Amino acid sequence: MQLSLSLDGVRFGYGASPVLDGADLAIGAGEFVVLAGHNGSGKSTLLKLCVGLLRPGAGTVRVLGGDPSDATIRRRIGYAPQGLRVVTSIPVSVGEVVTAGLTPTAAMLGRDGDTERSRARAALAAVGMADLAGECLFELSGGQQQRTILARALVADPPLLLLDEPTTGIDQSLRPRLAAELRARADAGATVLAVSHDPDDFHAVLDRILVIADGTIRQLTHEQFHAHFEVP
Amino acid sequence: MRIFVAPFAVRAYVAVAAVGLTTPLVGAFLVQRRLALVGDGIGHLAFAGVALGVAAGVAPVWGALAIAVLGAFTLERLRTAGRVAGDLALALVFYGGLAVGAVVLSAKHRFDASAIGVLFGSVLTASWTDVIVVVVLCVAVAATIVPFYRQLLAVALDEETARAAGLPVDGLNLLTVLLTAFLVVAGMRVVGLLLVAALLVIPVAAGSRLAHSFRDTITWGMTVGVISCIAGLVFALGQGSIAPGGTIVIASLVAFVAAAFAGRRAVRKHPRQAAR
C-alpha cells in the first residue's frame with residue numbers, strides 16, 4: 001500500500017513534558033481515518049507537524065512521499081485548522097475565502113478567472129453552500145463559517161486532507177452529508193485524516209479510528225472506542 | 001476657477017489623486033492584518049531619513065525613501081523574529097525617528113518651515129519633478145500589488161493556513177511593509193509624514209462599512225481616498241491659507257462617518273440581517 005502519511009517514532013513537546021512520545025502512524029492512499037483523543041492529547045499538534053507548522057524533536061514525518069518542510073509538498077495538502085482563523089477587520093466574501101485555497105497551486109502571478117470561480121462554487125456546493133459565494137463571511141452562522149473553511153480545504157481537490165474538528169458548530173442534520181462527501185473523496189483516491197472528538201460523525205464512512213493518548217497512537221474498533229475510550 | 005487651472009493647483013491635483021487612489025491598495029492589507037500603525041511608524045522613521053538626506057546633501061525624498069525602506073525591513077524582521085512586541089517595536093520607531101530627525105535638522109540649522117512641510121505636507125509647492133516622483137512611486141506600488149494580490153490576500157485572511165499551504169508568508173509580509181514605505185514617501189509631499197498613515201487607514205475603514213468583500217472594500221477605499229484628497233485640496237485652495245494635508249484627512253474622516261451611517265442603513269435593509 002502506498003503511504004500518504006507516516007510518523008515514525010515522533011517526539012514533540014511544548015516544554016518539558018512531551019505531547020507526542022514516540023508516536024507511529026501509517027495511513028495509505030484512499031484511507032479515511034479519524035483521530036480521536038482527549039483535549040490536549042496532541043491531535044492538533046500532530047496535524048501541525050504534518051503541514052510543517054511544527055518540527056518534530058525526534059523521529060520522522062513523511063507526507064505524500066516527502067518532508068512537510070518542503071513547500072511543494074504542503075501545496076498538495078488540504079488543511080482545515082480548528083476554528084475560524086480568518087481575522088475580522090475587513091469584510092471578506094465566502095468566495096474569496098474559498099478561492100484562497102487555490103492560491104498555493106496557482107501560478108504565482110496569476111489572477112482569479114472563471115475556472116477558479118467555478119471550482120470555488122463546486123467546493124461550496126459540496127458543503128451545501130452553493131448559493132452563498134457572494135455573502136460576507138461574518139454575516140453567516142458559525143456552522144456556515146466552518147463549512148466555508150472546509151470548502152477552502154477541498155477546493156483544490158488535494159490528494160491529502162488534514163481536517164481539525166471539521167464538524168464543529170455544524171448542524172447534526174448536515175454532518176452525514178459532509179461525511180459522505182469526504183468518503184467520496186477517499187474513494188476517488190484522496191487520503192482523509194480528520195481529527196474529531198466524536199468519531200460517531202463519521203461512523204458510517206470511516207475506515208479506521210485512531211486514538212492518541214499518553215503521547216502514542218493506537219487503533220481501536222468503534223466498539224472498543226466507546227467501551228474503553230469515551231471522550232468527554 | 002483659478003483653483004482648478006493654476007499650474008501649481010494642477011500639479012497638486014495630480015499628486016493627491018495618485019496618492020488617494022493608491023494608499024487603500026496597501027492599506028487594506030495593513031488594516032486586515034491589524035497593522036494599521038505600521039504606516040505611522042515608517043512615517044516617523046522617514047522623518048529621520050529626510051534629515052539625514054539634508055545632512056548628506058541629497059534630496060529629502062531619497063533620504064526618506066532609503067530610511068523608510070530600511071526601517072520597514074527592520075520593523076518586519078523584529079516583528080517576525082518575536083524579539084520585540086509589535087506595539088513596542090512601533091513605539092521605538094515612532095520616537096526614535098522623530099528624535100533623530102529633530103536633532104539632525106537642528107544641527108544643520110534646517111529645523112524651520114520646511115520641516116513643517118515634511119511633517120504636514122506641502123503639495124502646493126510641488127514641482128513637476130516632485131509630482132513625477134510621487135506618481136512613479138504610486139504606479140510602482142500598484143504594479144506590484146496587482147500580480148501578488150491573491151497571495152497577499154491569502155496571507156491577510158489566515159497567515160497560519162497560508163504558511164501551512166506553502167506560501168512564502170515571510171516574503172509576502174516583507175513585501176507589504178516595503179510597499180507601505182514607498183507610499184509613505186509618496187504621501188510625504190501630499191499630506192506629510194505625520195498624516196500619511198491616515199490615508200492608508202481611513203478610506204479603507206470607510207470602504208469596509210460599505211462592502212461585503214475584500215475586493216469591494218478596496219474599490220470603495222480607492223473611491224473614498226481619491227474623492228477625499230480632491231475635496232480636501234479644493235477646500236484648502238478655496239480658503240487660501242489652510243494646509244491641504246489637514247483638510248484632506250478631515251475630508252476622509254467625514255467620508256468615514258458618512259460611510260458608517262450609510263453602511264448601518266444598508267445592514268438594516270439587508271434581508272439576511274432583517275431575518276435575524
Side-chain angles (χ1 to χ4, degrees), chain A residues 47-48 50-54 68-82 84-112 116 132-141 144 149 152-153 156 158 162 164, chain B residues 24 27-36 143-172 201 203-218 220-221 263 266-267 270-276:
Chain A
L47 291 193
K48 288 181 179 179
C50 294
V51 295
L53 291 174
L54 298 173
S69 63
D70 182 348
T72 58
I73 293 289
R74 299 208 301 275
R75 285 175 192 149
R76 299 170 59 210
I77 301 173
Y79 172 57
Q82 186 174 8
L84 188 68
R85 305 186 62 85
V86 178
V87 293
T88 59
S89 300
I90 288 179
V92 292
S93 73
V94 168
E96 285 175 324
V97 174
V98 175
T99 308
L102 290 169
T103 301
T105 52
M108 187 64 189
L109 304 182
R111 302 181 64 186
D112 287 339
E116 285 78 10
L132 299 181
E135 293 293 325
C136 177
L137 183 68
F138 304 109
E139 292 176 358
L140 303 182
S141 69
Q144 288 171 320
I149 300 305
R152 180 178 62 181
L162 300 176
D164 199 347
Chain B
F29 295 102
L30 295 176
V31 171
Q32 175 73 359
R33 299 187 55 227
R34 299 182 179 173
L35 294 172
T144 307
I145 285 283
V146 169
F148 285 101
Y149 175 82
R150 284 199 312 193
Q151 285 78 13
L152 291 168
L153 177 59
V155 174
L157 289 177
D158 182 350
E159 184 170 317
E160 183 176 303
T161 301
R163 195 180 295 279
L167 286 176
V169 172
D170 293 338
L172 290 164
V201 174
V204 173
S208 72
R209 298 300 189 275
L210 301 169
H212 277 73
S213 69
F214 195 85
R215 187 179 290 271
D216 286 350
T217 297
I218 289 181
W220 274 111
V267 165
H270 194 286
R272 186 176 296 280
Q273 299 293 323
R276 288 181 176 175

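Note that the coordinates shown come from a computational prediction; the quantities given were computed from them, not determined experimentally. All values below were derived from every heavy atom in this structure, side-chain atoms included, with hydrogens, water molecules and symmetry-related copies excluded. Proteins come first, then strands; the chains are lettered A, B, ... in the order of their sequence lines, and each starts at number 1.
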Counting distance only, does the side-chain N/O of A/Glu96 pair as donor-acceptor with the main-chain N or O of B/Phe214 below 3.5 Å?
yes
For the student: nearest non-hydrogen atoms of B/Leu157 and A/Val92, plus distance
CD2-CG1, 3.3 Å
What part of A/Ile77 lies closer than 4.5 angstrom to a heavy atom of chain B: side chain, backbone, both or neither?
neither
Okay, side chain of B/Arg150, backbone of A/Thr103: is any donor-acceptor separation there less than 3.5 Å?
no
B/Gly166 to A/Ala71 - nearest heavy-atom pair and separation:
O-CB, 3.6 Å
If you count heavy-atom pairs under 4.5 Å between each of A/Pro158, A/Cys136, A/Ala153, A/Ser69 and chain B, which one has the most?
A/Cys136
Heavy-atom closest contact (B/Asp158 atom, A/Pro81 atom, distance):
OD2-CG, 4.3 Å
Please determine, among B/Ala211, B/Ala154, B/Ser208, B/Ala164, the option with the most heavy-atom pairs under 4.5 Å with chain A.
B/Ala164
In short, B/Ala28 meets A/Ile90 closest at the heavy-atom pair O-CD1, 3.3 Å
Are the side chain of A/Arg74 and the backbone of B/Arg163 linked by a donor-acceptor contact shorter than 3.5 Å?
yes
